[in-house]
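First comes the structure, then the notes that go with it.
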Number of protein chains: 2
Amino acid sequence: MNESRIQQLREYLNQNGMKQTKQRDLIASTFFKTKKHVRIEELLQEVRKSEPNIGYVTVYRTLLLLKECGLAHQRHFGEGQSLFENAGEHHDHMICIKCGAITEFEDDRIEDLQEKVCESFNFKMVSHRHEIYGACSRCQKE
Amino acid sequence: MNESRIQQLREYLNQNGMKQTKQRDLIASTFFKTKKHVRIEELLQEVRKSEPNIGYVTVYRTLLLLKECGLAHQRHFGEGQSLFENAGEHHDHMICIKCGAITEFEDDRIEDLQEKVCESFNFKMVSHRHEIYGACSRCQKE
DNA sequence: ATAAACCTGAAAATGACTTTCAATATCGAT
DNA sequence: ATCGATATTGAAAGTCATTTTCAGGTTTAT
């Protein structure tokens, strides 16, 4: 199924007069294989295991590209660096302020109520973020 | 009622061996008088109408101070600069991606469900952010 | 195989803070 | 009201995480 994502990327490249390169292939496929959320720097370290000469900028640009074609989302939890998330079903996040662990959650009832709120304001929702910050169960014990 | 906030600030300063200065007074009272959300730069322009020599850094530090004593919240909508919000009851936000207008909303049912989600993950919530991005009613017409 | 268009990586530039530091102002004690 | 120890100020320098620039290097349609 990572194959189909690579395909999706290639189509996007073609349709936009962009070229397929080994760097893009490597970066994208590595991204699809990593855990759900990665920082640019982490992904860079990962791809350099295969191609030590790849530059930060290329990873950065490829991630923006994946974002453009809908295969990745960029998240800004708290401060500092942003995380890129493998696209998939929509989820919201719980972020542990102690250890940084990210847990995803989904609640249709919340989503419904959210829609209702928008209707009541005559607001047309395009996207949303719902993040809960606190202590994960592991960190509560310590 | 802005008076009571100024009082609150003074008490905090006293209790922490900090000093009351005319810059802090001006910046704080100006902040309390502005619209609910301001950027550092905007507040700087505002206070400079009374005191042209006030520096960016002083506004910045005063805002952090207000945040420390609970009189302001710092928000990071989208990218770029952060906004400081006059503290008050808790609200979530709807941000228009066209004109930037910010509307607040509150829904107890959502808050309840959020608590339930946390319980189910044994997660101890400290804070949360719930932001809806889209087009406000005014911008939908255009 | 060629040329036009696109990519790459290194380095420089940017934006939004944060920190440093010498000069100034504050406040409790006199 | 004056002192002096301590805190605050503003300008300038420093950080950090991207973003942009640019001189080669690749791709790909022909």
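Below, each value reflects all heavy atoms present in this structure, side chains not excepted, and no hydrogens, waters or symmetry copies. Protein chains get the first letters and strands the later ones, always in sequence-line order, with residue 1 at the start of each. These numbers were taken from a predicted model, which means no experiment stands behind them.
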Problem set entry | Below 4.0 Å: OP1/OP2 of dG10(D) and any side-chain N or O of Tyr56(B) | no
Exercise. How close or far is atom C1' of dT8(D) from atom CD1 of Ile54(B), stated in whole angstroms?
Worked result: 12 Å
Problem set entry | Hphob cluster co-occupancy, Ile110(A) + Tyr133(B), side-chain heavy atoms under 4.5 angstrom | no
For this session: In whole angstrom, give the distance that lies between atom CZ of Phe77(A) and atom P of dA17(D).
Result: 17 Å
For this session: Run the salt-bridge test on Glu131(A) and Arg129(A) with the 4.0 Å N-O cut-off and return the result as yes or no.
Result: yes
Exercise. Between the side chains of Lys67(B) and Gln74(B), is a donor N or O closer than 3.5 angstrom to an acceptor N or O?
Worked result: yes
Exercise. Starting at CZ of Arg10(B) and ending at C1' of dT8(D), how long is that distance when rounded to a whole Å?
Worked result: 16 Å
Seminar exercise, completed: note: Asn53(B), atom CG; dT24(C), atom C1'; distance rounded to Å ~ 13 Å
Exercise. Does any residue of residues 12-36 of chain A have a heavy atom under 4.0 Å from DNA chain D, and if so, which ones, in number order?
Worked result: Lys19(A), Gln20(A), Lys22(A)
Exercise. Where the side chain of Ser82(A) is concerned, which of dT9(D), dT18(D), dT18(C) is the nearest nucleotide?
Worked result: dT18(D)
Exercise. Only one of Val59(A), Leu43(A), Thr30(A) forms a side-chain contact (heavy atoms from CB on, under 4.5 Å) with Ile54(A), so which one is it?
Worked result: Val59(A)
Seminar exercise, completed: Taken to the nearest whole Å, CZ/Arg75(A) to C1'/dA17(D) is 19 Å
Exercise. Counting side-chain heavy atoms from CB outward, which of dT8(C), dG10(D), dT19(D) is closest to Thr58(B)?
Worked result: dG10(D)
Exercise. What integer distance in Å separates Leu64(B):CG from dA7(D):P?
Worked result: 18 Å
For this session: Using atom CD of Gln74(A) as one end and atom P of dA17(D) as the other, report the distance to the nearest whole Å.
Result: 14 Å
Problem set entry | Salt-bridge criterion met for Lys33(A) and Glu46(A) (N-O under 4.0 Å) | no
Problem set entry | Short side-chain donor-acceptor distance under 3.5 Å, Asp92(A) and His128(A) | yes
Exercise. Of all heavy-atom pairs between Glu42(A) and Arg39(A), which one has the smallest distance, and what is that distance?
Worked result: OE1-N, 2.9 Å
Seminar exercise, completed: From CD of Gln81(A) across to P of dT19(D) the rounded distance in Å is 12 Å
